Amino acid sequence: RSCRWLFQANLQRLAAWMAQGYTAERGGRFPCRRGSRPDERRLHGFLDEQRRDYLRGTMTESRRQQLQSLPGMRERFELWDVPRRQRFEWLARAVQDWVTSHAGALPRH
């Protein structure tokens, strides 16, 4: 379990990373586990640790709120709430909603 200052430092790094590359036009990409840069892989690990804490019920409300203040994180938490067996249907509905809200255009990702 990471201590408070480490969480804050990683949260700031994640916010900076997302500010550089997280845009709707780019598909709202999160750090990738197999990213080309070590900092991207570390940020993916940080998010994975947060996911585990959230699913175990050990994430504090303060951390949840701080994470959800970042672009796309509310949706990420919604995805974490969906059991793995139901994720395909959830994602298919999300794509359908996106296509509907973008005049029938398909995502470019």
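Keep in mind that this is a model prediction, so the values were computed, not measured.
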Please work out whether the ring planes of W80 and Y54 are parallel, tilted or perpendicular, with thresholds of 30° and 60°.
-> tilted

Sorted by chain and number, sequence neighbours left out, salt bridge (Lys or Arg N to Asp or Glu O under 4.0 Å) with R41 holds for none

Those residues at least two apart in sequence (or on a different chain) that pass side-chain hydrogen bond (donor to acceptor under 3.5 Å, both in side chains) with R64 are E61, Q68

#### Entry: Non-hydrogen side-chain atoms of L43 and M18 separated by less than 4.5 Å
no

R52/D48 salt bridge by N-O under 4.0 Å criterion:
yes

Would you say R63 and T60 make side-chain contact, with heavy atoms under 4.5 Å? yes

D39 meets the side chain to side chain contact (heavy atoms under 4.5 Å, CB included) criterion, sequence neighbours left out, with W17, R37, R42

H44 and P31 have their tightest heavy-atom pair at CD2-O, 3.3 Å

Quiz item: With a cut-off of under 6.0 Å to the ring centre and 45° to the axis, is R13 in cation-pi contact with F46?
Solution: no

Residues joined to V82 in its hydrophobic cluster, side chain to side chain under 4.5 Å directly or through other members, sorted by chain and number, are L79, W90, L91

Applying side-chain hydrogen bond (donor to acceptor under 3.5 Å, both in side chains) to E78 and not counting sequence neighbours gives none

Applying side-chain hydrogen bond (donor to acceptor under 3.5 Å, both in side chains) to S62 and not counting sequence neighbours gives Q66

